[in-house]
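I have placed the structure first, in the form of structure tokens, so that the comments after it can refer back to it.
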Amino acid sequence: MYVRRSAAVLAAAVVIGAAAPAIAADSSPSASPKPTHPAELYGTTDPTYDGVWRQSLAMLAQDTVGVKPAPKAVDWLLTQQCADGAFAPYRADAAADCDAKTLVDTNNTAAAVQALVALGGHDAATSKAVTWLKSVQNKDGGWGYMPGGASDTNSTSVVIGALTAAGEKPADVRKDGKTAYDALDELALPCKGDDGGAFAFQPDKKGKLLANADATAAGVLGSLGKGLVVSPGKDAPATRCVSDGLPAAQQAAVNGAAYLTAALAKDGHLTSALPGAEDQPDYGNTADAVVALAALSGADAAEKPLRWLEQNSAKWAKQSGPAAYAQLILAAHATGTDPRDFGGADLVEQLNATGPAPQAAAKATNEEKSKDDSPFGVWWYVGIFLVVGIGIGFLLSGRKKGPQA
């Protein structure tokens, strides 16, 4: 559920009450302000709309491989939080209080919660953020991208992940008696039809649900009550849409996974279809689909798209930056794959290089420097021990022989 659609377009659509479909390709508003690149932030592109998102994903991915982010990177994330608990995607002046003009949203807030919970020691910040998320829940039980916006599958699902990470039970978080699972159920397509089992992002202007692969990958995780970081699931692989026989949330997850499995069957990847542009492989949504399929049924269910990513995602990840590297690491983690040898690439090293040096890397560098600063090499010490050992050998040999008569 990578926020690769234009956050500005979504925000505008939500504010005026329109139901905007998810846009599958990376995009940046043409009227974006002059970009700034804080040294504490991962990536060098304009952080206006995704600063907190990519920071959170980067640190979540690092945590899965035992890498501790630099303290200043964590501090930067914390400074993006407003007093009411919400996170803005990017606050250029963190010293200024948030006001009515500060754009905050559920996606960045939920991602920050998941990252800060994983890192530990930030209970006050995550508690305030969860309280804010609960306060902007819609009457249908779901969440929109911005407070007051119509519920969508992606936002509802990433909030479910935040609630779960924070120790809440999403089924107990209600608005007018409705839960997030009720909202997701309303956004799932019935089994009849070619796209049965898929999730829509939102209903279109006529109220029709249109299948959306990005939303479906998010909806599977949301229906399972899982966040951005998952372990391999143990359910049987989903091959067809089922109309009954399972609890509603599990059935929605199974059906969404069946849709993704069918969509990935031919080429091993999902496709980005944008008006006026040729269809192209959708790397980000394919990575999300791997996580979703693995979360339900384990690594085998996601093997084909995972292998495709290993062979084809390097250029995309390099161009897209830290969030892309993080997505691939999370896909590797979900399937038990080594992210340090992902199609021959070390994703962890590549991710670390996009931001401030993590604690572990800094420590290792200092240790290596300490060794290098020594006026003597390793072999000098080896030689010393050999000489000492020979001397001790002579002494022991003399003791064994004893005095000669």
Can you confirm whether more than 12 heavy atoms, excluding those of D93, are under 6.0 Å from its CG atom?
yes

Looking at CG of N138 and OG1 of T156, how far apart are the two atoms once the value is rounded to the nearest 0.5 Å?
7.5 Å

Are side-chain heavy atoms of D105 and N108 found at a separation under 4.5 Å?
yes

Assess whether side chain to side chain contact (heavy atoms under 4.5 Å, CB included) is satisfied between D84 and K128, documenting all intermediate values.
CA-CA 7 Å; D84 62 1; K128 288 173 62 177; over 6 Å; no

CA sep, side-chain torsions, deciding dist, call: F199, L189, side chain to side chain contact (heavy atoms under 4.5 Å, CB included):
CA-CA 6 Å; F199 284 85; L189 278 72; 5.9 Å; no

What heavy-atom pair brings G298 and P232 nearest, and what distance separates the two atoms?
CA-CB, 4.0 Å

R54 and T45 side chains, donor-acceptor separation under 3.5 Å
yes

One should read off an interatomic distance between T79 OG1 and F87 CZ, to the nearest 0.5 angstrom, of 9.0 Å

Does any non-hydrogen side-chain atom of W76 lie less than 4.5 Å from one of P356?
no

Residues Y90, Q55; criterion side-chain hydrogen bond (donor to acceptor under 3.5 Å, both in side chains); working and verdict:
CA-CA 10 Å; Y90 175 60; Q55 193 85 341; over 6 Å; no

If every non-hydrogen atom of G196 is compared with every non-hydrogen atom of C241, which pair is closest and at what distance?
C-SG, 3.9 Å

First locate atom CG of D50, then atom CG of L57, and finally report the distance between them rounded to the nearest 0.5 Å.
10.0 Å

Is T64 reaching over with its side chain to a backbone N or O of A61, donor-acceptor style, under 3.5 angstrom?
yes

Correct closest heavy-atom pair for A125 and L116 would be CB-CD1, 4.4 Å

Crowding at NZ, K175 (>12 non-hydrogen neighbours, <6.0 Å):
yes

Quick one about N107 and S155 (side-chain donor to acceptor, distance below 3.5 Å, no hydrogens or angles considered), yes or no?
yes

Donor + acceptor pair across side chains of T271, D282 (<3.5 Å)
no

Using atom types as modelled and distance alone, determine if a side-chain donor or acceptor of T335 lies under 3.5 Å from a backbone N or O of A332.
yes

I want to check something: taking the side chain as every heavy atom from C-beta on, are Q250 and D235 in contact at a cut-off of under 4.5 Å?
yes

Separation between OH (Y42) and OH (Y325), nearest 0.5 Å, reads 14.0 Å

Quick check against the 3.5 Å criterion: does Q359 have a side-chain atom that pairs as donor or acceptor with the backbone of P69?
yes

Under the side-chain contact (heavy atoms from CB on, under 4.5 Å) test, residues paired with A263 that sit two or more places apart
L270

If you take all heavy atoms of A213 and Y259, which pair is closest and at what distance?
CA-CE2, 4.3 Å

Could you pull out all residues at least two apart from P281 that satisfy side-chain contact (heavy atoms from CB on, under 4.5 Å)?
H269, Y283, W308

Take L351 and I329 through the side chain to side chain contact (heavy atoms under 4.5 Å, CB included) test and state the conclusion after the steps.
CA-CA 9 Å; L351 172 62; I329 291 173; 3.7 Å; yes

Going by atom types only, do Q202 and Y145 share a side-chain donor-acceptor pair under 3.5 Å?
no

Roughly how far, to the nearest 0.5 Å, is the CG atom of D75 from the CD atom of E40?
8.5 Å

Taking atom CG of D194 as the centre, report whether more than 12 heavy atoms of other residues, nucleotides or ligands fall under 6.0 Å from it.
no

Residue pair E186, D140: steps toward the side chain to side chain contact (heavy atoms under 4.5 Å, CB included) verdict:
CA-CA 9 Å; E186 292 298 316; D140 62 5; over 6 Å; no

Within the distance-only criterion (no hydrogens, no angle test), does the side chain of D99 pair as donor or acceptor with the backbone N or O of T102 below 3.5 angstrom?
yes

Taking the side chain as everything from C-beta on, heavy atoms only, tell me whether V229 gets closer than 4.5 Å to Q114.
no

Donor-acceptor pair, T126 side chain versus D123 backbone, under 3.5 Å?
yes

Under 3.5 Å donor-acceptor, D182 side chain and T179 backbone
yes

Does the side chain of Q251 come within less than 4.5 Å of N255's, by heavy atoms?
yes

Do you know which two heavy atoms are closest between A292 and A217, and how far apart they sit?
CB-O, 3.6 Å

Is the backbone of G225 close enough, under 3.5 Å, to the side chain of T164 for a donor and an acceptor to pair up by distance?
yes

Using every non-hydrogen atom in the two residues, find where L293 and A302 come nearest and quote the distance to one decimal.
CB-CB, 4.1 Å

Do L264 and K304 have side-chain heavy atoms sitting under 4.5 Å apart?
no

Hey, are the side chains of R91 and C98 touching, using non-hydrogen atoms and a 4.5 Å cut-off?
yes

Tell me if the CZ atom of R307 is crowded by more than 12 foreign heavy atoms within 6.0 Å.
yes

Side-chain donor/acceptor of T106 to backbone N/O of G144, under 3.5 Å:
yes

When you compare the side chain of S56 with that of L77, does any pair of heavy atoms fall below 4.5 Å?
yes

Between CG on residue D204 and CG on residue L209, distance to nearest 0.5 Å
8.0 Å

